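Worksheet: the structure to be examined is printed underneath.
Here the structure is a predicted model, which means the values were calculated and not measured. Here is how names work: the chains are called A, B, and so on, in the same order as the sequence lines, proteins then strands, and each is numbered from 1.
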Amino acid sequence: MKKKLLLLHIFLMTTCSLLFAQQVVIKGKVTDNSGGELPGVNVVLKGNTSGTSTDQNGDYSLTLPGGPGENRVLVFSFIGYIKQEIAVANQTVIDVKLATDTQNLDEVVVVGYGTTAKKNLTTAISKVDPAKIPTSANNNVSELLFGRAAGLQVTQQSSQPGGNISVSIRGKGDPLLVIDGVVFPGSSMEPGNGSVEIQGVNRGGLAGLNPNDIESIEFLKDASAAIYGVSAANGVMIITTKKGKAGRMSVSYDGSHSFSRNMPYLKPLNAQDYMLYFNQLSKDKYQSDRNMAPFGTVPSDLSGYTQKYTEQEIQSAGQGTDWLGEVLRPGSVDNHNISVNGGSEKATYFFSGNYFNQVGSLKKSDLTRFSGRLNVSFVLSKIFRLNVNVNANRNNYTNPQAGWQTGGSGTQGFNALQAALAYPSSVPVYNADGGYSQFAITGNPVSLLDIKDKTKAQGLLANTSLDIDIIPNTLTAKLLYGNNSEYSVRDFYIPVSVFWGQLYKARASLAETRRQNQTMEGTVSYKKSFGDWLNLDVVSGVGQYLEDYSGFSVETSNMQDAINTDNLGSATGPKVIGSYRGVNKLRSFFVRSNFDFFDRYLLSLTVRRDGADKFFPDNKYQNFPSVSAGWKINNENFMQGIKTISTLKLRASYGTTGERPGSVAYGAYGADPNAVTFSNGSVVYFPYRLTAFDNPNLRWPITKTFNAGLDFGLFKERITGSVDVFTENRTRLLSSATTQQLSIISTSPINGGHQRRKGIEVSLNTENIKTKDFSWNTMLNVTHFKNRWVERFPNDPPAQYGHVNDPVGGDIIYVYKTNGILQAGQEVPAWQPAAARKPGNPLFVDQNGDAKLDYNDVVSYSGIPKVIVGMGNNFTYKKFDLSVFFYGQQGAWGNDYTTLWGDPVGLLSGNQSGTERIKDAWSTSNPGGTLPGAAYNEGAIALDAGLDTRLVKRDFLRCRNITLGYTFSSGALSNYIKSLRVFADVQNAFILTGFKGVDPEIQASSIKGGPAPYPMVRTVSLGLKANF
Amino acid sequence: MKKIFIAGLIATGLFATGCNNNFDPVITGVLSPANFPKTEADFELYTLQAYKPFGSKWGYSDVEYQNMFFSPEYGHLAMFDLPSDQMSIFTEWGGLWEFFSKGDFTFLKTQGKQSHFEKVRYVTRMTQVIADIEKSAISDGAKSKFIAEARMGRAWTMYYLLHMYGPVPVILDASKINTEAESDLTRPARESYVSTIAADLRFAADNLELSPSEYGRFNKGLALGMLTRLYLNEKNWSEAEKAARETVALGKYSLVSDYAGLFREATEVNTETIWAVNCDPVAPTNGEGGGNFNAMALYCLPGDFKSIKLGGGWASPSGVFCPTWQFYDSFDPADKRRALLIPAYTDNSGKARSRANMRGPVLRKYPDESSPGADIQGNDMPVLRYADIVLMLAEAINQQAGPTAEAIALVNEVRAKHGGLAALPAAATASKVSLNDAILQERGWEFYFEGIRKIDLVRHGKWASALEAAGKVTHGPSELFPVPQYVINVGAGKITQTTGY
């Protein structure tokens, strides 16, 4: 395959080199509408292949064959501008003004090592223009992406300041991230906080990048990713930052203030209800534990039972403490951006500075960011241009006391928000003596806010590139070196005054992580037009990608609160020290050729050869070829009469990509983290054991993607859109998979398994109304995909209730169905599990009717959406603009683990209160209850799959932004300001959903006691943007 | 031109590195098989992994997560004491605690890879370690010492797996490692499985030190004692007797007169305890990088029980391990061993607690006297005591020759030294059967909460009946655990499920 592609390459390139005679010289200058000089404009004699392009000043000089006066036409073309044809006649000086092309399909798309006009794309690439998205309350690029392009799945996993937002292309996991040509790690680099199980941080990556600095974001979704040096199986996300533009200095200020309020959160029981339901359910539990009627056969005898709360106590309890109110608060964001941009023909510059300060809606959680960017470009000589981009940033977080623990510590390990849900409203914040109250073994929610948990992250992204014009606008080369260095430190301290983990004890952890990603690339590109019949664009390059990372941590205890982590040496507790380091090296060679025949037939061929250091020598390298083609049907002669269709392009791509190997093929002996100690801990050994076998056969996994698409434009591009269908086969997956059952090592890197992902995506843009004063545009995108196993890893067969071809991983949820609650006196179905035969237990459904409950009764639900949708409407009326944007999903199910707060078993442990969901629990006092009662203990059922009692639909449609703006552009103001826009924006205005938990998007893990995810917020921003 | 020169240099550099056809991996933080293990010191570190499952921490990272044999959860006390006639049913926490205390192991069918079954991989690992030591160039003395430790670990693990699941598939021949043989999950015949354990223990007994300088290492007495247990449970009475006598003949061990002292930190090293989990009161309870700890007070004391260092245990209204009143009442009131069961106390709120409002007596075998002792304790947990050797010897003799004077005297020695009790009544020594029953009962009083009871009941054929007599009528179909379903799934039909499931 690879050889054939290369041969084809060579053939096509050689046949294109033609020579022509020269006679007449035509000169001129090409400018844009505003008179700006346009360099790089193609100037070609129509019907011929000879041509030139304009220089830095927009000047050109073209020698034409034959004498003057012949009937000749010059064609001026430039990406982003409307092509002009001018008859030469007797002119020798032809100045041309090119009009910008407003047609959507002519926009320029970054494709990796180059750009192309969207109309010439042969692959599935989505572009997101951040300028069209409100950024006021957003500190992260990912926040701009919700629903913005077909094929994107963007999910807000945590709403804390800087919280994690997962971005995937077609559901594939983290894409390869490239910023201005430099590979950038997409994940956050959050240091741990030692062994303390409070872990409220769920941080997203890309924290250092200011959304306001971004020019465009492209997603390479199919074989288009195959060009990308290093593994691109999950697609590529290319971010391009703003660059300076030659011309007068322009200064712009963009500032806003936002107010945020928590969206409805879980509703804790008030004091009276807590007492009431505790009493009711305790009585049931007492009877159930003793097998008394109606739970068992023993006659009910409550003589030994005493109610915890008397009637009088209940009556006088009232609402009690609003614990959530004690830890939550209104939030705010201040966001100020200033940028300066301009330059001359010798140098251009873009500077920006950003201050972002977010006060979180949970007390003591916030984020402050400072970032600065400098993008400059110098013309060193006729041949060389030097570009330098530098971005320095610092993010300071105060991490929230929210979320859930990392282990099974239960109520003793709760964070402040969990504690606020766990503390009964009947408990006051302070005792009579003024000290914090304490309930059961959980720390007081307000006191837990005294825990210090701060992360400081800083990053420096610098890249330097040298553009070399070997033959101007024809043969160019580029050398690039990019270095991204990040450093994070987490400072965690529990003061001795805070009761946590059942102890008053000073506990500290200080941990830092560093990482550096280097990109070194050299590329050569060749662009040439051969008359009307062929445009050739070839790029070839080599790259080396280095990643190194390291970390260091200390954890200790017992020190002075005032000193805490400032001098860990003063701590008297044992000091646990950890460190690690790692290096990964990848190399790539790549070549891509784009052929555009007669402006109708497009062909693109790429070959990439990737190498990874972690494989054995014979398997280090793998070839990844791809081919794509497009047919611009609307340029065919037979389409010229059809005026309705302004654009019609059919395209298809097939390509292979690899996945950056996370595994090492080399055997190793490692220190066992488990200490073997003798003499009561005074002799400590860390044994060394075999951790990996040599695996010389380990190879790159291969992902084969086929994509077919149709781009269309109707009614002079009033309606434009694309439809794409794709099938992707992931073969010989490389994963740490289960070994044979008797093997020494339980999991080992294995090439195995095969997954198939299929899907369809549609995007549509319409210009509904366009008059002088009023316009209305709509955009809509719809995405659907499914990922199934074709073949499993050899030692990981599906569970008994599963099938070989089931959807992969969390894309499918298996449960036993239940239907209602077993009532007192009701005959117990034969198949009801032994631990669920008392009234108040869920009634299990014997799905197959065999009167047994086993794996054959398990049913499955989709864990991923069937449809992901994004929809926006933009209106302008005179100087007002209004945009309303929605995104949503349909068809996904999930377990809502915040329902754990509504389980009687939690309430009855005596260690925690609960939510109002408990009111729906079945009890002898509430026989109409629809949820399991006191006699039900999920932990005791012990079935091989879960129950459906927490299973809920995660369908929603969220109104992400409503933005209203007004632009001043006249009057006295214009003497000082070029333009001024004021705006108001509501982010997360509302959500349409049947979901009853915190939020259908936000993660909440199953954890002993119950999780308390950071609440979702609604944010109202007021801001202005001024250009000077 | 200088600039262009520099640029050219960068370009050349890039292309040169890029074209280099191979590049070596940088592998950090681990040792390469090319240079480890080689020296005696290397092999000592390499062999020490044999000790991994024999601690009392929460567990260690392996497969998904593995509990140790003496961990609080899924440890010997939870597996072999809770599902016995001596402990109350504990439903408060559900899950494993409820099922173990009821004696119903069916729930383990759906257990994931945290299952002890995964320790079959440890057996293979020890086989590899043994083969590597044999192949090495270290001194013969070091070789036999290290191999003895590895074989002790392998044998003991196989012994516990036998008492959980019956014979399980194991790799004992290093040449089968990394071959298809590792997928063959056919259960071996019990005889061959047991003889492997016996051979390992024999080798360990012959080569381990009697008193290793590092307290807590495997020793000769442990190997012999485990050999005694193995044969006794297999009802190979003559071999059991031989192994027991060999242990006695070591001359190192004798019964202490202070029974309670066996479980206290101050007197944990004594003439009687042959091997105990060595515990460190300041061991970290998070992670696995520290020493073993004794967390049993947290599991035994009721939440409202103000003890020496602790203001209460983790469970309410009783401890997780709560003996039954029936068991309490079975003691002779004069028996000093009963003193570790507390029948009445005043709770934290000042309320008097007694038999009337207690599920059972409070088990305080391990007093929380350690410093700081705010949570975990440093009391070592005896796993093999000389008293066990004495009573096993008595049982083996009685099984072969009936109630001989020697057998009776052995039982009486334990009764007198530990219980402060008179000799067995005549009825108990009247016949082989009655002495056998008396020995089982004596063992109950002597070894409660030491991870032995279920195995004893099974040997005496009384597990089911004893549980029913204690009111545990909902015990499961077998005294053994079911093989986890995921193992059956990968077993390609070769592994048989434990009978009854």
Side-chain angles (χ1 to χ4, degrees), chain A residues 195 289 380 384 466 479 502-503 520 522 542-544 574 576 580-583 585 587 589 611 613-614 617 620 664 666-670 672-681 683-685 687-691 693-694 740-744 746 795 797 800 834 910 937 939-940 942-944, chain B residues 3 7 10-11 14-15 17-18 22-33 36 45-46 48-49 51-52 60-63 94-95 98 107 110 120-121 124-125 128 169 171 177-178 182-183 185 214-217 278-280 283-284 286-292 374 378 485 487 489-490:
Chain A
S195 57
D289 284 350
L380 303 178
F384 295 105
L466 187 71
L479 293 170
Q502 304 208 57
L503 290 171
M520 282 173 268
V542 297
Q544 168 149 302
V576 180
Y580 62 87
R581 179 178 79 87
V583 178
K585 291 187 281 191
R587 282 177 192 171
F589 309 83
D613 66 332
K614 295 292 190 283
K620 278 197 200 301
V664 180
Y666 291 83
Y669 289 87
D672 200 317
N674 180 61
V676 168
T677 61
F678 300 121
S679 306
N680 295 342
V683 180
V684 180
Y685 290 102
Y688 276 74
R689 85 272 193 236
L690 184 70
T691 52
F693 290 109
D694 270 350
Q740 302 183 91
Q741 183 60 46
L742 302 181
S743 173
I744 291 176
S746 59
N795 299 302
Q800 275 179 302
N937 185 348
L943 287 168
D944 48 349
Chain B
K3 295 166 196 162
I10 296 170
L14 255 173
F15 277 79
T17 51
N22 270 316
F23 47 118
D24 294 326
V26 179
I27 296 169
T28 53
V30 291
L31 301 175
S32 157
F36 185 89
L45 283 177
Y46 185 50
L48 276 162
Q49 46 180 330
Y51 287 89
K52 217 167 147 180
Y60 54 91
S61 347
D62 194 12
V63 195
E98 175 166 353
F107 78 107
T110 57
V120 293
R121 296 181 187 275
T124 316
R125 193 175 271 276
Q128 179 73 56
I171 299 279
I177 291 173
N178 258 342
E182 292 181 339
S183 280
L185 302 187
E214 289 172 341
Y215 167 75
R217 277 199 188 252
N278 73 102
C279 292
D280 175 8
N286 42 52
E288 43 190 284
N292 294 306
Q485 185 61 42
V487 176
N489 291 353
V490 295

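For A/D694, the salt bridge (Lys or Arg N to Asp or Glu O under 4.0 Å) test picks out no residue, with sequence neighbours left out. Take A/P673 and apply the side-chain contact (heavy atoms from CB on, under 4.5 Å) test, not counting sequence neighbours, and it matches A/R689, B/S61, B/E288.
Using bins of under 30°, 30° to 60° and over 60° for the plane-to-plane angle, the ring pair B/F36/A/Y688 lands in the tilted bin.
Contacts of A/N937 with chain B are made by side-chain atoms alone, with heavy-atom separations under 4.5 Å and no backbone atom involved. Proximity to chain A is limited to the side chain of B/A374, based on heavy atoms less than 4.5 angstrom apart. Contact annotation for A/V583: both backbone and side-chain heavy atoms come within less than 4.5 Å of a heavy atom of chain B.
Using a distance-only test at 3.5 Å, with no hydrogens or angles considered, no donor-acceptor pair links the side chain of A/D613 to the main chain of B/P25. With hydrogens and angles ignored, the 3.5 Å screen pairs a side-chain donor or acceptor of A/K620 with a backbone N or O of B/F23. Of the possible donor and acceptor atoms, none in the side chain of A/S679 sits under 3.5 Å from a partner among the backbone N and O of B/E214.
For chain A, the option among B/G291, B/A283, B/G289, B/G378 with the highest count of heavy-atom pairs below 4.5 Å is B/G289. Between chain A and the options B/V30, B/D280, B/L48, heavy-atom pairs under 4.5 Å are most frequent for B/L48. Ranked by heavy-atom pairs under 4.5 Å with chain A, the list B/I177, B/N178, B/V120 is led by B/N178. No other option in A/N674, A/V576, A/T677 has as many heavy-atom pairs under 4.5 Å with chain B as A/N674.
When side chains are defined from C-beta on, A/L943 does not count as touching B/T110, because their heavy atoms never get closer than 4.5 Å. Using a 4.5 Å heavy-atom threshold, the side chains of A/S746 and B/R121 count as touching. Taking 4.5 Å as the limit, some side-chain heavy atom of B/R125 sits within range of a side-chain heavy atom of A/L690. Annotation: side chain of B/Q485 is not in contact with side chain of A/D944 (no heavy-atom distance under 4.5 Å).
Across B/V490 and A/Q741, no two heavy atoms sit closer than the pair CG2-OE1, 4.1 Å. Minimum interatomic distance between B/N278 and A/G681 (heavy atoms only, all atoms of both residues): OD1-N, 3.6 Å. Summarising the geometry of B/P33 relative to A/G667, their closest heavy-atom pair is CD-O, 3.3 Å, with the distance given to 0.1 Å.
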**Report entry** side-chain contact (heavy atoms from CB on, under 4.5 Å) assessment of B/I27 paired with A/V664
**Finding:** CA-CA 8 Å; B/I27 296 169; A/V664 180; 3.8 Å; yes
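The CD1 atom of B/I171 lies 9.5 Å from the CD1 atom of A/I744; values are rounded to the nearest 0.5 Å. Going from atom CG of A/D672 over to atom NZ of B/K52 covers 3.5 Å, rounded to the nearest 0.5 Å.
Taking the centre of each ring, B/Y51 and A/F678 come in below the 6.0 Å mark.
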